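All figures in this text were calculated on a predicted structure; none of them were measured in a lab.
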Amino acid sequence: MIRPARRRMLPCVLFLLALLCTSPLRADVVQVAVAANFTAPMQKIAAEFERDTGHRASLSIGSTGKFFAQVANGAPFDVFLAADVETPARLEQDSYAVSGSRFTYAFGRLALWSAKKDKVDSQGEVLKKGEFRHLALPNPKFSPYGAAAIGIMQQLGVEATLQAKFVLAENVSQVYQFAASGNAEVAFIALSQIWKDGKLATKGSAWVIPPEMHAALRQDAVLLNHGRNNPAASALLGYMKGDKARSIIKSYGYDL
């Protein structure tokens with residue numbers, strides 16, 4: 001026979017057992033180096049990842065080229081979401097990343113954008129007219145998006161005439177700040193910075209650049225050596241391949 005006091009405690013005990021069964025026994029933190037173009041979708045994915053798994057993703061945002069140097073110099077990142085395929089491949093080749101862990105998580109898109117409503121036309125003719133003082137773009141030495149921007153201007157035959165107007169930024173986040181503040185009237189940025197659910201998600205005007213105009217902006221993720229034994233790192237990479245994360249990535253204008 002169960003005594004009254006124990007009978008009252010029984011629901012609490014059952015509740016705690018149920019909670020333990022449905023919650024991760026251990027929540028870990030994964031340190032993630034994220035290419036600047038992927039900031040917005042990764043912030044949303046990180047929130048969903050924590051909600052669904054209990055693990056937390058701590059994000060560091062920057063340029064792919066500089067992250068390579070930091071990892072090579074011992075920066076304690078567990079996972080790297082790069083803006084290209086070459087950098088994760090080099091990290092894997094140089095034994096800074098776990099062999100066989102690399103995969104493509106997105107194909108980036110590029111846009112020409114101005115905070116002014118009618119400044120950029122839908123075909124990019126503004127580049128040929130050159131009626132602006134400053135054109136911001138990511139430094140092509142560090143950013144695949146910057147290299148793609150240079151390639152587009154070369155195709156249009158305007159690189160030489162516009163070069164004096166270039167404002168080079170460390171990454172696409174900084175480019176966006178230059179353009180949003182008006183310090184650059186026109187800017188090459190990642191489509192994800194201004195796009196959400198199939199439409200322009202910010203003020204201004206934009207040319208969504210056809211992907212066939214530049215080399216594919218294929219972006220790879222890789223598990224770094226520091227995260228080899230971190231359950232949250234493996235969990236995050238698995239989560240990136242799932243339907244929820246892929247849906248978020250597509251909503252920001254990326255191809256899969």
Side-chain angles (χ1 to χ4, degrees), residues 30 32-64 67 79-85 88 102-115 117 120 122-124 137-138 143-146 148-149 152 171-177 179-180 187-222 232-233 235-256:
V30 52
V32 191
V34 183
N37 74 85
F38 201 63
T39 302
M42 193 57 207
Q43 286 173 337
K44 189 166 185 179
I45 290 170
E48 294 296 325
F49 173 68
E50 183 171 0
R51 186 177 295 112
D52 291 342
T53 69
H55 298 306
R56 185 169 67 85
S58 177
L59 310 182
S60 296
I61 309 299
S63 69
T64 291
F67 275 135
V79 167
F80 184 22
L81 303 178
D84 64 5
V85 295
R102 181 164 50 94
F103 67 94
T104 299
Y105 66 91
F107 288 86
R109 297 285 303 276
L110 197 65
L112 186 71
W113 177 69
S114 174
K117 184 177 179 181
V120 176
S122 61
Q123 300 299 317
L137 64 152
S143 169
Y145 281 74
I152 289 164
N171 53 57
V172 291
S173 294
Q174 194 175 65
V175 173
Y176 181 87
Q177 292 168 10
F188 279 102
I189 62 173
L191 179 62
S192 60
Q193 294 174 286
I194 57 169
W195 202 255
K196 189 71 171 65
D197 297 327
K199 60 184 179 181
L200 194 65
T202 185
K203 66 176 184 178
S205 52
W207 173 36
V208 179
I209 298 169
E212 59 269 18
M213 286 193 69
H214 56 79
L217 290 168
R218 178 180 152 192
Q219 304 189 193
D220 274 11
V222 70
L236 177 63
L237 290 173
Y239 195 84
M240 293 288 295
K241 299 175 183 179
D243 290 343
K244 183 179 286 189
R246 288 169 64 83
S247 177
I248 292 170
I249 293 169
K250 285 185 69 174
S251 75
Y252 282 89
Y254 290 89
D255 294 326
L256 296 175

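- Proximity of R109 to W195: side-chain heavy atoms (C-beta onward) are nowhere separated by under 4.5 Å.
- The aromatic ring centres of F38 and Y254 sit less than 6.0 Å apart.
- Scanning both residues, P144 and L217, for their nearest heavy atoms gives O-CD2, 3.8 Å.
- With T64 contributing its side chain and A35 its backbone, the two residues share no donor-acceptor pair below 3.5 Å.
- Here the CD1 atom belonging to I61 is positioned 14.0 Å from the CD atom belonging to Q174, to the nearest 0.5 angstrom.
- Taking CE of M42 as the start and CG of L236 as the end, the distance is 4.5 Å to the nearest 0.5 Å.
- Taking all atoms of both residues into account, the shortest heavy-atom contact from S173 to T39 is OG-OG1, 3.9 Å.
- Counting all heavy atoms, side chain and backbone alike, A149 lies closest to F188 at CB-CG, 3.5 Å.
- Judged purely by atom type and a 3.5 angstrom limit, Y145 has no side-chain atom pairing as donor or acceptor with the backbone of L137.
- By the 4.5 Å heavy-atom criterion applied to side chains, D197 and S251 are counted as neighbours.
- Y252 has its side chain within reach of K196: a pair of non-hydrogen atoms, C-beta onward, lies under 4.5 Å apart.
- Atom CG of D84 sits about 10.5 Å away from atom OG1 of T104, to the nearest 0.5 Å.
- At a threshold of 4.5 Å between non-hydrogen side-chain atoms, the residues Y239 and H55 do not count as touching.
- Checked by atom type and distance alone, the side chain of S247 never pairs as donor or acceptor with a backbone atom of K244 at under 3.5 Å.
- Interatomic distance, K241 NZ to R246 CZ, rounded to the nearest 0.5 Å: 10.5 Å.
- Shown here for V30 and A233, the closest heavy-atom pair between the two residues is CG2-CA, 3.7 Å.
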Given the rule in the side-chain contact (heavy atoms from CB on, under 4.5 Å) test, do M240 and V79 qualify, once you have shown the distances and angles that lead to the verdict?
-> CA-CA 11 Å; M240 293 288 295; V79 167; over 6 Å; no
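- Counting heavy atoms from C-beta on, the side chains of Q193 and V175 never come closer than 4.5 Å.
- W113 and Y176 have parallel rings, their planes meeting at less than 30° on a 0 to 90° scale where 60° marks the start of perpendicular.
- Between L110 and the choices I189, I152, V172, L191, the side-chain contact (heavy atoms from CB on, under 4.5 Å) rule is met once, by I152.
- Annotation for K117 and S205: closest pair O-CB, 2.7 Å, computed over non-hydrogen atoms.
- The pair D220-R218 counts as a salt bridge, with a side-chain nitrogen and a carboxylate oxygen less than 4.0 angstrom apart.
- One distance of note links CD of Q219 with CG of D255; it measures 11.0 Å at 0.5 Å rounding.
- Two residues are said to be in side-chain contact when any heavy atoms from C-beta on lie closer than 4.5 Å; I45 and I249 meet this criterion.
- Pairing each heavy atom of F67 with each of G62, the nearest pair is CE1-N, 3.3 Å.
- Side-chain atoms of S63 and S143, non-hydrogen and from C-beta on, never get closer than 4.5 Å to each other.
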